[in-house]
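Structure record follows, encoded as structure tokens.
It should be emphasised that the depicted structure is a prediction, and the values quoted were computed from it without experimental measurement.
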Amino acid sequence: MTTTSSITIAVLGSGRVGSTLATGLAAAGHEVTLGVRNPGTAQHDVLASDVATAIETSGLIVNATPGDTTLERLVGHRDALAGKVLLDVSNATVRSTDGLPGGLLYPDVSLGELLQDALPDTKVVKTLNTMLFSVMTAPGNLTAPPTAFVSGDDVDAKRLVRTVLQDLGWDDDWILDLGGISTARGTEAMALMVPSLLGALGFVPFALTVAR
């Protein structure tokens, strides 16, 4: 699906999540910059730059960095992130020995809330954090309609994110606005289901959904 209005987007993180999102957003017609620590060594089909430059030259910032280090990474760019929309897809978990989520790093609050508190001049929106990375840009490949939960305090920021999700192939009926950023506590906690789901299903595309 191709968007009718290109948005300048910075994707922070060059792992499987970040790479998948950057490629999908670029294919949808957006101007995408991948923000990485060492842009000279990045091997991607989209433009790569250092994190600071990627943030400064983009209106929408996608955080695909590891959730357990996200706060430290982004607080250092507080001034550059002011006035921008931050689409956060990460989950802050304590890793087990197998690398899978073993617990919540912030059990009494969500990473989304902590980001909003730490970046008061940035509009934080949480979404796409309840699925395998491949589903983020190809939701229609599943056998049943998935749900993209959206949490955030700013209505206009959530409207922008909804448009971007639709560009990635998300039907409007599959996008569920849960309310303010505090509702991210519930979706982030769903990360604890990942080890069990992978154990039961294998490493296959999946997403959590609400049947109505």
**OP:** Let me see the working for Ile175 and Gln166 under side-chain contact (heavy atoms from CB on, under 4.5 Å), right down to the final yes or no.
**Re:** CA-CA 9 Å; Ile175 304 170; Gln166 291 171 339; 4.1 Å; yes
Original post:
Hey, are Glu188 and Asn129 close enough side-chain-wise for a donor-acceptor pair under 3.5 Å?
Top reply: no
Original post:
Quick one: do Lys158 and Asp177 make a salt bridge, cutoff under 4.0 Å?
Top reply: yes
Subject >> Contact check, side chains of Val150 and Arg162, non-hydrogen atoms, under 4.5 Å >> reply: no
Subject >> Steps toward side-chain contact (heavy atoms from CB on, under 4.5 Å) verdict (His30, Asp167) >> reply: CA-CA 9 Å; His30 295 295; Asp167 292 340; 2.8 Å; yes
Subject >> Hphob cluster co-occupancy, Leu60 + Val89, side-chain heavy atoms under 4.5 angstrom >> reply: yes
Original post:
Does Val124 share a hydrophobic cluster with Val62, counting links as ILVMFWY side-chain heavy atoms below 4.5 Å and allowing steps through other members?
Top reply: no
Original post:
Is there a donor in the side chain of Glu113 and an acceptor in the side chain of Ser110, or the other way round, less than 3.5 Å apart?
Top reply: yes
Subject >> Minimum side-chain heavy-atom gap Leu198-Phe203 below 4.5 Å >> reply: yes
**OP:** For Leu71 and Leu111, run side-chain contact (heavy atoms from CB on, under 4.5 Å): C-alpha distance rounded to whole Å, both residues' side-chain angles, the deciding distance at 0.1 Å, then the answer.
**Re:** CA-CA 8 Å; Leu71 270 178; Leu111 174 59; 3.9 Å; yes
Original post:
If we ignore angles and hydrogens, is there a donor and acceptor under 3.5 Å between the side chains of Thr209 and Thr147?
Top reply: yes
**OP:** Look at the side chain of Ser58 and the backbone N and O of Ile55, then say whether any donor-acceptor pair between them is shorter than 3.5 Å.
**Re:** no
Subject >> Asp50 and Arg37 ion-paired at < 4.0 Å >> reply: no
Original post:
Can Ser19 and Ser14 be counted as having a side-chain donor-acceptor contact under 3.5 angstrom?
Top reply: no
Subject >> Between Thr93 and Asn91, a side-chain donor and acceptor under 3.5 Å >> reply: no
Original post:
Counting distance only, does the side-chain N/O of Lys123 pair as donor-acceptor with the main-chain N or O of Ala157 below 3.5 Å?
Top reply: no
Original post:
Checking side-chain contact (heavy atoms from CB on, under 4.5 Å) for the pair Val210/Phe149: CA distance, chi angles, key distance, verdict?
Top reply: CA-CA 10 Å; Val210 174; Phe149 302 97; 3.6 Å; yes
**OP:** Step through the shown structure and confirm whether more than 12 heavy atoms of other residues, nucleotides or ligands are within 6.0 Å of CZ on Arg16.
**Re:** no
Original post:
Say you draw a straight line from CZ of Arg185 to CE of Met190; how long is it, rounded to the nearest 0.5 Å?
Top reply: 15.0 Å
